[in-house]
Amino acid sequence: MKLTVSTLAAMAGGKIEGDGNTVITGFAKIEEAKSGDISFIANPLYSHFYETTEASALLVANDFKPESPRSITLIRVADPYSTLAEVLTAFDKMKSRKKGIENPAFVDADATLGADIYVGAFAYIGKGASVGNRSMIYPQTYIGSDVSIGEDCIIYPGAKIYDGCRIGNRCIIHSGVVIGADGFGFAPKGERYEKIPQIGIVEIADDVEIGANTTIDRATFGHTYIGEGTKLDNLIQVAHNVEIGENNVFAAQTGIAGSTHIGNNNRVGGQCGFSGHIRVGNDNEFGAQSGIPNNVGSNKRLIGYPAIEARKFAKNLVYINKLEELFKK
């Protein structure tokens with residue numbers, strides 16, 4: 001990578017303070033940056049690193065005021081953090097990308113492959129499957145029969161997508177992900193459990209990212225659905241017939257039981273658990289390790305088990321910490 005500050009500022013729509021001809025050769029955290037790196041200050045807690053960083057350039061907010069002048073070139077923008085994401089995305093797109101079908105890979109004669117795609121060695125693409133333009137299927141990936149994958153997707157090594165599942169455009173599926181395994185459906189029959197066939201599918205909308213080793217089960221019938229723009233971290237379990245709306249973020253080790261419906265723009269901390277057959281509204285925040293056994297409306301901030309309002313949880317924690325003293329009295 002070799003870009004000038006002027007080029008990066010043009011990408012970011014920012015204003016330069018300093019030398020626009022400064023050459024940038026890498027990105028780094030502000031406390032670890034060296035000469036040639038660009039970093040950023042988005043959180044005021046990191047502002048003190050301005051005095052010691054060795055970075056050649058910084059992305060900073062329009063209202064950033066250094067305590068003392070230094071010979072660091074600044075790019076001023078409205079939001080350094082989101083701007084960094086845009087710049088990194090633009091830079092990533094500049095990299096050369098793989099194309100073509102490597103050997104040995106199996107592509108069924110009835111599969112449909114778009115233009116400029118990549119299929120890595122030992123990948124399997126089944127009968128009737130389709131892969132959209134510019135998508136990349138990395139080695140040792142399994143794409144089952146009648147699977148549909150949209151354009152500009154990345155399916156990383158070792159991901160498994162079972163028969164009939166549908167993936168939208170610009171999705172990223174990381175290694176070890178399993179999409180379309182059977183839902184956990186068993187009917188008691190005497191002292192035994194009899195398997196209920198899971199004949200539905202998983203449908204994933206556009207711009208979804210799924211972290212490593214996450215599993216999304218196929219529906220008993222109908223579909224398990226992940227809405228547009230939703231991001232799932234690593235090691236998440238999404239059970240059969242769950243429906244998740246748009247632009248949600250779920251942190252690692254969260255589990256969502258069957259037939260639960262979750263709305264839009266929710267933010268879910270790590271290790272949260274959602275009971276089955278409940279409904280969750282929009283724009284909620286769930287603290288890490290929250291347990292959600294019942295329906296939740298919208299615009300809530302919840303934590304704990306059972307999850308309660310965050311302020312009430314904090315008050316209760318104060319009381320709990322005083323229990324020993326109260327028992328002594």
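Positions are given from 1, in the same order as the sequence printed here. Note that the structure is a prediction, hence the values are computed from the model and not measured.
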Does atom [atom1] of [X] have more than 12 heavy-atom neighbours from other groups under 6.0 Å away?
X      : atom1 : result
Arg70  : CZ    : yes
Glu209 : CD    : yes
Lys189 : NZ    : no
Tyr193 : OH    : no
Arg301 : CZ    : no
Phe221 : CZ    : no

Whether the [X] and [Y] side chains hold a donor-acceptor pair (N or O, under 3.5 Å, no angle test) is what I'd like checked.
X      : Y      : value
Glu67  : His48  : no
Asn248 : Asn266 : yes
Ser35  : Glu54  : no

Short question: side chain of [X], backbone of [Y] - any donor-acceptor pair under 3.5 Å?
X      : Y      : answer
Asn247 : Asn265 : no
Ser135 : Cys153 : yes
Ser56  : Thr73  : no
Thr53  : Ile30  : yes
Glu102 : Ala121 : yes
Thr260 : His277 : yes
Asp152 : Asn169 : no

Same apolar cluster: Phe286 and Tyr305, side chain cutoff 4.5 Å: no
Lys/Arg-Asp/Glu bridge criterion (N-O < 4.0 Å) met for Arg170, Asp207: yes
State plainly whether the residues Glu325 and Lys322 are in salt-bridge range, i.e. N to O under 4.0 Å. no
By side chain to side chain contact (heavy atoms under 4.5 Å, CB included), which residues pair with Thr220, not counting sequence neighbours? Ile196, Gln198, His240, Asn241
Passing option when Phe64 is tested against Tyr46, Phe40, Tyr50 for ring pair (Phe, Tyr, Trp, His ring centres under 6.0 Å):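 Single ring pair (Phe, Tyr, Trp, His ring centres under 6.0 Å) partner of Phe64 among Tyr46, Phe40, Tyr50: Tyr50.
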How many angstroms lie between atom CD of Gln237 and atom CZ of Phe250, to the nearest 0.5 angstrom?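 Atom-to-atom, Gln237:CD and Phe250:CZ are 12.5 Å apart.
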